[in-house]
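Okay, so here's the structure we're looking at.
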Amino acid sequence: MSSDADGGSGAEVAALSDKGSPGEDGFVPSALGTREHWDAVYERELQTFQEFGDTGEIWFGEESMNRLIRWMQKHKIPLDASVLDIGTGNGVFLVELAKFGFSDITGIDYSPSAIQLSGSVIEKEGLSNIKLKVEDFLNLSTQLSGFHICIDKGTFDAISLNPDNAIEKRKQYVKSLSRVLKVKGFFLITSCNWTKEELLNEFSEGFELFEELPTPKFSFGGRSGNSVAALVFQKM
């Protein structure tokens with residue numbers, strides 16, 4: 001997914017411009033919601049990295065990573081807290097967490113090419129304390145559980161665009177999140193397709209809003225708003 005410094009993203013643009021009729025949830029189904037799309041994306045990015053050393057785009061930009069790390073620092077999240085990055089992509093955010101000092105980090109993605117790319121990026125950075133797994137968050141293995149922090153930058157957005165029963169997939173996402181996150185654990189989500197109010201509704205079962213993180217605002221036609229929503233939920 002391509003992104004600006006912290007404004008629109010590839011998924012946002014495609015979601016708005018895709019031709020077709022909205023589903024029951026108001027979203028137009030898109031290839032951005034399919035595994036085939038992301039397998040192809042990360043196969044290309046892996047080849048680019050192998051040839052040129054380019055790690056690819058950062059979802060929502062560098063500021064989105066810094067925002068989450070600042071929040072973790074502000075709330076004194078222990079550096080040995082277990083952190084799960086859901087849909088890790090090229091693994092750049094894992095690298096930033098490790099450089100900041102976090103020592104129990106896991107990245108998952110359902111695309112094997114994404115995990116291979118993440119491994120290559122992490123190896124290039126000389127890091128060895130990061131775990132990577134090919135995992136479909138909607139159909140998790142039993143080994144994944146007990147995390148203090150779960151982070152999502154765009155994965156829930158992509159699931160919401162799946163042409164095959166996206167509503168049920170979103171419900172399964174919430175069930176999976178509840179399973180892997182400890183009670184009183186935190187879920188940090190960044191989204192370009194969902195508003196704060198909509199996310200509150202989606203994660204109303206078993207989670208409560210802990211904090212809304214500031215994101216860039218835009219103005220158009222005399223109205224202002226946020227192009228990205230960033231929320232912290234706590235599991236009850």
Side-chain angles (χ1 to χ4, degrees), residues 1 3-6 9 42 45-46 49 53-109 111 114-135 137 140-141 143-156 176-191 207 209-216 228-235:
M1 174 190 285
S3 60
D4 312 312
D6 197 38
S9 65
Y42 288 115
E45 290 201 1
L46 177 60
F49 179 80
D54 182 4
T55 58
E57 298 289 346
I58 300 171
W59 285 36
F60 301 107
E62 290 187 13
E63 173 55 24
S64 67
M65 298 191 299
N66 296 334
R67 179 193 304 125
L68 300 180
I69 291 175
R70 284 196 302 269
W71 181 89
M72 295 166 79
Q73 183 180 28
K74 171 186 171 183
H75 290 278
K76 297 182 171 54
I77 303 298
L79 293 179
D80 61 354
S82 52
V83 181
L84 177 66
D85 188 24
I86 303 168
T88 197
N90 58 16
V92 171
F93 186 53
L94 300 175
V95 170
E96 292 303 308
L97 288 170
K99 288 181 176 179
F100 188 78
F102 286 95
S103 60
D104 189 358
I105 312 166
T106 301
I108 63 170
D109 204 293
S111 171
I115 293 301
Q116 188 178 349
L117 174 59
S118 297
S120 298
V121 171
I122 289 166
E123 183 180 5
K124 180 182 178 182
E125 293 289 341
L127 301 169
S128 59
N129 61 333
I130 298 174
K131 297 179 280 292
L132 294 170
K133 295 182 179 181
V134 177
E135 287 273 4
F137 195 66
L140 289 173
S141 62
Q143 291 92 340
L144 280 179
S145 63
F147 288 92
H148 297 97
I149 304 284
C150 289
I151 296 169
D152 180 325
K153 295 200 297 100
T155 298
F156 189 71
S176 294
L177 179 64
S178 184
R179 203 189 96 193
V180 299
L181 190 61
K182 285 179 174 288
V183 174
K184 298 299 183 183
F186 294 106
F187 171 54
L188 287 66
I189 182 169
T190 303
S191 170
F207 300 89
L209 180 65
F210 184 83
E211 188 172 348
E212 179 180 9
L213 304 183
T215 59
V228 173
L231 304 180
V232 180
F233 288 93
Q234 187 168 32
K235 181 180 172 182

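Quick note: residue numbers are just sequence positions, from 1. Bear in mind that the values here come from a model prediction, so they are computed numbers and not experimental data.
- Although no hydrogens or angles enter the test, the distance criterion places no donor-acceptor pair under 3.5 Å between the side chain of Ser191 and the main chain of Phe156.
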Take Leu94 and Val121 through the side-chain contact (heavy atoms from CB on, under 4.5 Å) test and state the conclusion after the steps. CA-CA 10 Å; Leu94 300 175; Val121 171; over 6 Å; no

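- Residues forming a salt bridge (charged side-chain N to carboxylate O under 4.0 Å, His left out) with Lys182 (at least two apart in sequence, or on another chain): none.
- Of the inter-residue distances, the one linking Met72 atom CE with His148 atom NE2 reads 11.5 Å to the nearest 0.5 angstrom.
- Rounding to the nearest 0.5 Å places CG of Leu79 at 11.5 Å from CG of Asp104.
- Taking CG of Leu84 as the reference point, atom CG of Asp152 lies at 10.0 Å (rounded to 0.5 Å).
- Residues passing the side chain to side chain donor-acceptor pair (under 3.5 Å) test with Thr88 are Asp85, sequence neighbours excluded.
- Environment of CD in Glu211: crowded, with over 12 heavy atoms of neighbouring residues, nucleotides or ligands closer than 6.0 Å.
- A donor-acceptor pair is defined here as one N or O able to donate and one able to accept, closer than 3.5 Å; such a pair exists between the side chain of Asp109 and the backbone of Gly89.
- Shown here for Leu181 and Cys150, the closest heavy-atom pair between the two residues is CD1-SG, 3.8 Å.
- Summarising the geometry of Leu127 relative to Ala98, their closest heavy-atom pair is CD1-CB, 3.9 Å, with the distance given to 0.1 Å.
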Candidate pair Leu68 and Lys153, rule side-chain contact (heavy atoms from CB on, under 4.5 Å), full reasoning: CA-CA 10 Å; Leu68 300 180; Lys153 295 200 297 100; 3.8 Å; yes

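- Of all heavy-atom pairs between Ser118 and Gly91, the closest is OG-N, 3.3 Å.
- Contact between Phe100 and Ile69 at its shortest, heavy atoms only, is CD1-CG2, 3.6 Å.
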Carefully, step by step, assess Ile149 and Phe102 under the rule side-chain contact (heavy atoms from CB on, under 4.5 Å). CA-CA 11 Å; Ile149 304 284; Phe102 286 95; over 6 Å; no

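- A pairwise comparison of heavy atoms in Ile189 and Phe233 identifies CG2-CE1, 4.1 Å as the closest pair.
- Expressed to the nearest 0.5 Å, how far CD of Glu123 lies from CD1 of Ile130 amounts to 12.0 Å.
- Considering only heavy atoms from C-beta on, Lys131 stays 4.5 Å or farther from Ile108 through its side chain.
- Residues passing the ring-ring contact (aromatic ring centres under 6.0 Å, His included) test with Phe186 are Trp71, Phe210, sequence neighbours excluded.
- Interatomic distance, Ile105 CD1 to Leu97 CG, rounded to the nearest 0.5 Å: 5.0 Å.
- Contact detail for Val180 and Leu144: the closest heavy-atom pair is CG1-O, 3.5 Å.
- The backbone N or O of Ala230 sits nowhere less than 3.5 Å from a side-chain atom of Thr215 that would complete a donor-acceptor pair.
- Atom CD of residue Glu63 and atom OG1 of residue Thr190 lie 10.5 Å apart, to the nearest 0.5 angstrom.
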Please lay out, stage by stage, how Glu96 and Glu62 fare under the test side-chain contact (heavy atoms from CB on, under 4.5 Å). CA-CA 10 Å; Glu96 292 303 308; Glu62 290 187 13; over 6 Å; no

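- Glu135 places a side-chain N or O within 3.5 Å of a backbone atom of Ser141 that can act as its donor or acceptor partner.
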